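To start, the structure under review is shown below, and the notes come after it.
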Amino acid sequence: MNDRYDPQQIEKKWQEHWEQEALFKVSTDPSLPKFYCLEMFPYPSGRIHMGHTRNYVIGDVIARYKKMQGFNVLHPMGWDAFGMPAENAAIKHGVQPADWTYDNISLMKAQIKKIGLSYDWDREIATSDPEYYRWNQWFFLKMLKKGLAYKKSSFVNWCPSCETVLANEQVISGLCWRCDTTVTQKEFDQWFFKITSFADELLKDCDSLSGWPERVVTMQRNWIGRSEGVEVEFKVEGADEAIKVFTTRQDTLYGATFVSIARKHPLVRKLVNDKKIMARIEALSEDPGGKEGVFTGSYAVNPLNGERLPVWASNFVLMEYGTGAIMAVPAHDQRDFEFASTYGLPVKVVIAPPPLCFAKRSSGGIRGQAITKAYEDDGVLVNSARFSGLRSDEARSRIAEFLEKEALGRRVVNYKLRDWGISRQRYWGTPIPVVYCDSCGIVPVPEDELPVILPTKVPVTGTGIPSLSEIKDFTGTRCPSCGGTARRETDTMDTFVDSSWYFLRYCSPKTGDRPVDPEAVSYWMPVDQYIGGIEHAVLHLLYSRFFTKVLKEIGIIAYGEPFKRLLTQGMVIKDGAKMSKSKGNVVDPDYLITKYGVDTVRLFCLFAAPPEKDLDWSDQGVEGASRFLSRVWTLVHRHHALLSGREDTQNIFSQMSSRASGLLRKTHQTIKRVTNDIERNYHFNTAIASLMELVNEISACTPSEADDTKLLRFSIRQCVLLLSPLAPHIAEELWSALGHDRSILHEAWPVWDEKLTMEDEIELVIQINGKLRSRVMIHAGLDDDTVKERAFNDPKIAGLMKGKTIKKVVVVKGKLVNIVV
RNA sequence: GCCGCUGUGGCGGAAUUGGCAGACGCGCACGACUCAAAAUCGUGUGGGGAAACCCGUGUCGGUUCGACUCCGACCAGCGGCACCA
């Protein structure tokens, strides 16, 4: 054994060993309990960064830990290989997007392999592989048949920089999720997935996601945005039209003073004949800041009280939500209030705050004073005819009932969630498998003609890549229905389609005749632990849940939720900011691995913070991690002669020095702590801290009595076993130095003996009135009276107690005595 | 504006159920080894104070024998949503 820890030498050796022994290859084996551990697969940008490293290391520790616990562990890796950057790189460097992508994959794979991750590389997939994306096309056809995929023209989000449309989830605060360009609206004919027909199920099943961080579940619930209300028809005076309005506040119906409809509402054209008015409506600002509107000249009738309400076209009513029209109640809706104030429209109070003592904020208005802002809370109805005097919640159901009975309206549920637009006007993606025929219209490509292959040799120029529509070999085809000439759909699919089911493909990546092998999927799924960034809280995670539900409906899989537990790891921060090229605070994993060895990098990533929190990068902290591993190495080296080649059959120690018996207890306590820290939300930082304590204690121990050596051997072995998922290379090397032939991965995870974790002496804390006054060592397990006696006998306490009367004495077993005077 | 999360030494972070605040590490200081330095090892390290002691988990209040932990109000920082009717 070398006297110095040399990570470069041992890491390479063990990585080769693992590969030769095929240690991470797994197969379906129903006789074994399974564990599916998955990290979000990367986009092959070319280089691994610290965020990837942290993500994969966390997953690797979990996978190795579960394997040692006897689970059959599926731990795969692959590539989210379609997407824009390949096109940009192609333009910049004059290469084929496909070549660029596959080159990056091999570069990144080599980098990832240096981290020593326990992947079954036989299951590697790349979404740009025709054998993968053909199933995207296959799912699309199934969904088309079921009416879950459809084409429609609508205003959609357009990113001028990416030159493609974006789904709602992909617009973050008005900016493109990928390039931060301001998104505009553009009318497009495009394909949608009907995610809204699963809105209720997606929402309801949020309740079952107990293994997910609560905030992610909340974000999904909010995104789906279910709200219950009523649709009410307001007849247009003097016309054969009615304006359908959606509201959740039917209790404020009597307070409506005007009706407001979206600029793009189809009724606008019908109601407005005056060209001047029409021009003013069209000129309304798109800026969501200021509320603007134009009186259409028409009036609508409130179905409850027959009042005439002016109809306004305004810029703050969304066409996409509800019915695209609202009843405006300025007294009880802040937006309507602002609008009414601007245009001098009346304000009519119909909800009075509950008795004053409960009112949070009163904004006046009850006795005719001018109000300063809308009262939006619930209260008691006033000025509402037969409904006056009811509480808001009661009034909502009574009015809804009444509207339904009189056929004036009906109860409805609305969602904020919109259908998922999946067409992308880009080259590097999955071709959408339909053709357009002049006589037959839209015709799906027959299943047996899949995959529709994306051409991988395209004319790349310095200014751009042609869209598929410009590649004649691709577009020209014949109609599968009539055999006549036809042209292919030239939009490709959103890459989020690719990542919505890749975790299923890993279960049987080579299955050729169908997307997944049902047996493999029913054994491995769902994913037991999924790990990735919080940025996908709605995007990828929502789409994957949707896809899972669709696949269940199609009959491919039997369950409805893909990810049992989710861990959203924090960002890697340096100098107070997320690592980025522009900030110049990037730390290169490769450089660190060369300098310190990957075990050090792994250990630091795990030790510096619990996985869900941001990790503050510290170069000195890395030194500390490196120092710790060297200390473990030195420790084994120091006792090497005593330790190697002996395997104790039983760990019973009768003759021990007192120091050694303390070490036995510490060892069992450490096994317990490390195990519990991993089980309890993967808190590797505290697990490592307790391992450090154990190493410190072993280092302080010099064997003297007969069994001391045996115990030392036991403690060091346990220590190496506990360290092995965290820093696997050094653990393997030390394990072999300790005289073992086979990989430490075959060893069982250590178990502790609860009896041996108990302290036989404890430090009793003595408080007077809750303040710490003294401490005394006592035997564990003494009864309360004896403990009290010991406390009062303590000279310091006796002195302080002089002349005081005892009111009460509280004894907490094994911990403290509090004397109240 | 609404919803959510987080506030603990010089720094990263600990503290199972309300029971010794600051585990472990970094940094710093001193010491050993060395001609010297690095590395390594050892000791110390929340603040104040010579000490006894006092103060201390964002702020203020409450519950309790006892509060980083529970309750109420507020302040600060971060994140999500933002005309969703």
Side-chain angles (χ1 to χ4, degrees), chain A residues 4 172-174 213-223 225-227 229 245-250 252 260 262 287-291 314-318 320-329 332-336 338-339 373 376 414-418 534-535 537-538 571 573 603-604 607-610 612-625 627-628 630-631 634 673 676-677 680 683 685-696 699-700 763-775 807-821:
Chain A
R4 275 200 103 110
I172 314 288
S173 309
E214 190 52 45
R215 63 176 179 142
V216 175
V217 181
T218 305
M219 279 164 80
Q220 294 224 346
R221 283 199 183 103
N222 292 344
W223 189 261
R226 181 191 151 99
S227 56
V245 147
F246 174 72
T247 180
T248 58
R249 290 300 303 272
Q250 57 271 27
T252 64
S260 192
D287 168 32
K291 291 176 181 53
S314 55
N315 68 346
F316 77 97
V317 176
L318 301 173
E320 304 83 44
Y321 184 79
T323 57
I326 60 160
M327 62 168 200
V329 186
H332 305 293
D333 183 293
Q334 186 58 23
R335 294 159 301 182
D336 299 343
E338 284 165 27
F339 192 87
K373 64 176 185 182
E376 295 186 316
N414 259 312
Y415 297 93
K416 222 183 78 157
L417 183 72
R418 316 271 165 71
I534 185 80
E535 66 273 19
V538 234
M571 290 185 298
I573 304 284
L603 200 77
F604 176 73
F607 181 61
E612 73 280 4
K613 287 182 71 173
D614 286 350
L615 185 155
D616 217 345
W617 191 265
S618 149
D619 293 333
Q620 282 153 343
V622 181
E623 300 269 358
R627 209 171 300 160
F628 170 69
S630 292
R631 289 213 338 266
T634 312
R673 273 198 64 187
N676 288 344
D677 285 349
R680 182 173 56 101
H683 278 202
N685 56 331
T686 48
I688 293 168
S690 56
L691 266 177
M692 286 170 166
E693 284 184 54
L694 178 63
V695 169
N696 290 343
S699 302
E763 194 182 43
L764 180 74
V765 168
I766 309 168
Q767 299 179 330
I768 296 175
N769 287 344
K771 293 216 176 219
L772 176 70
R773 287 298 175 232
S774 184
R775 301 164 212 251
K807 266 200 201 150
K808 191 174 167 185
V809 180
V810 183
V811 180
V812 180
K813 269 224 166 11
K815 278 184 181 145
L816 63 73
V817 173
N818 187 17
I819 305 162
V820 189
V821 295

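Just so it is clear: chains get the letters A, B, ... in the order the sequence lines come, proteins before strands, and each one is counted from 1. Atom set for the values below is all heavy atoms of this structure, side chains included, hydrogens, waters and symmetry mates excluded. This one's a predicted model, so the numbers in the text were calculated from it and none came from an experiment.
- The distance from atom CG of A/Leu764 to atom C1' of B/G19 is 12 Å, rounded to the nearest whole Å.
- B/G72 and B/U64 are spaced 16 Å apart, taking the C1' atom of each and rounding to whole Å.
- For A/Arg631, the side-chain hydrogen bond (donor to acceptor under 3.5 Å, both in side chains) partners two or more places apart in sequence, or in a different chain, are A/Asn696.
- The side chain of A/Gln767 lies closest to B/G19 when the candidates are B/A15, B/A39, B/G19.
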Requested in this report: Output, in order, the C-alpha distance, side-chain angles, deciding distance and verdict of side chain to side chain contact (heavy atoms under 4.5 Å, CB included) for A/Ile326 and A/Phe316.
Outcome: CA-CA 10 Å; A/Ile326 60 160; A/Phe316 77 97; 4.2 Å; yes
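- For the pair A/Arg773 and A/Trp223, nearest-nucleotide mapping onto RNA chain B gives the more 5' position to A/Arg773.
- Take A/Ser618 and apply the side-chain contact (heavy atoms from CB on, under 4.5 Å) test, not counting sequence neighbours, and it matches A/Phe604, A/Gln620.
- Taking the P atoms as reference points, B/U69 lies 13 Å from B/C60, given to the whole Å.
- Glycosidic torsion of B/G13 falls outside 90° of 0, placing the base in anti.
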Query - Watson-Crick and G-U pairing of RNA chain B, under 3.5 Å, as dot-bracket with | and [ ] - result: (((((((..(((......[....)))((((((.......))))))(((....)))..(((((..]....))))))))))))....
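- The C1' atoms of B/A36 and B/U45 are separated by 28 Å, rounded to the nearest whole Å.
- Partners of A/Arg221 by salt bridge (charged side-chain N to carboxylate O under 4.0 Å, His left out), not counting sequence neighbours, listed by chain and number: A/Asp207, A/Glu214.
- Here the separation of B/C26 from B/U43, taken at their P atoms, is 14 Å to the nearest Å.
- Between the CG atom of A/Asn222 and the C1' atom of B/C5 there is a distance of 14 Å, rounded to whole Å.
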Report summary line: Reading nucleotides 23-32 of chain B from 5' to 3' and marking B where a protein heavy atom lies under 4.0 Å of the base, S where only the sugar-phosphate is that close, and - otherwise, the string is BBSSS-----
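- At whole-Å resolution of the value, CD in A/Glu612 and C1' in B/G13 are 12 Å apart.
- Shown here are the side-chain hydrogen bond (donor to acceptor under 3.5 Å, both in side chains) partners of A/Glu763, two or more places apart in sequence or in another chain: there are none.
- Atom NZ in A/Lys808 sits 13.5 Å away from atom CD1 in A/Ile819 (nearest 0.5 Å).
- Here, B/G48 and B/G10 have their P atoms 10 Å apart, quoted to the whole Å.
- The distance between atom OH of A/Tyr415 and atom P of B/C81, rounded to the nearest whole Å, is 21 Å.
- Side chain of A/Val810, nearest nucleotide from B/A39, B/G19, B/A14: B/G19.
- For B/C81, neither phosphate oxygen OP1 nor OP2 lies less than 4.0 angstrom from any side-chain nitrogen or oxygen of A/Arg215.
- Using a 4.0 Å heavy-atom cutoff across all strands shown, A/Gln334 reaches no nucleic acid atom at all.
- Contacts of A/Gln220 classified as side-chain hydrogen bond (donor to acceptor under 3.5 Å, both in side chains), with partners at least two apart in sequence or in another chain: A/Arg545.
- Taking atom CE of residue A/Met571 and atom P of nucleotide B/C5, one finds them 18 Å apart after rounding to whole Å.
- B/C74 and B/G7: their C1' atoms are spaced 14 Å apart (whole Å).
- At whole-Å resolution of the value, NZ in A/Lys815 and P in B/A15 are 14 Å apart.
- Atom CZ of A/Arg226 sits in a crowded spot, with more than 12 heavy atoms from other residues, nucleotides or ligands closer than 6.0 Å.
- At a threshold of 4.0 angstrom between heavy atoms, the contacts of A/Val317 include nucleobase atoms, whether or not backbone atoms are also involved.
- Residue A/Lys771 places none of its side-chain N or O atoms closer than 4.0 Å to OP1 or OP2 of B/G19.
- Atom CG of A/Leu615 is separated from atom P of B/G13 by 8 Å (rounded to the nearest Å).
- Residue-to-nucleotide proximity on RNA chain B shows that, of A/Asn818 and A/His683, the 5′-proximal contact is made by A/His683.
- Nucleotides B/A21 and B/A67 are separated by 11 Å at their C1' atoms, to the nearest Å.
- Look at CG on A/Asn769: it is 19 Å from P on B/G19, rounded to the nearest Å.
- Among residues two or more places apart in sequence or in another chain, the side-chain hydrogen bond (donor to acceptor under 3.5 Å, both in side chains) test is passed with A/Asn414 by none.
- Between the side chain of A/Asp616 and the backbone N or O of A/Ala608 there is no donor-acceptor pair closer than 3.5 Å.
- Across all strands shown, A/Asp614 has heavy atoms under 4.0 Å from sugar-phosphate atoms exclusively, and none from any base.
- A/Glu693 meets the salt bridge (charged side-chain N to carboxylate O under 4.0 Å, His left out) test with A/Lys666, A/Arg673; sequence neighbours excluded.
- Closest approach to the A/Asp616 side chain among B/C20, B/G12, B/C54 is made by B/G12 (side chain taken as heavy atoms from C-beta onward).
- Separation of the P atoms belonging to B/G9 and B/U59 is 10 Å when rounded to the nearest angstrom.
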Report task. Could you give me the CA-CA distance, side-chain angles and deciding distance for A/Ser314 and A/Ser260, then say whether side chain to side chain donor-acceptor pair (under 3.5 Å) is met? Result -> CA-CA 6 Å; A/Ser314 55; A/Ser260 192; 2.4 Å; yes
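- A/Lys416 comes within 4.0 angstrom of a base, heavy atoms only.
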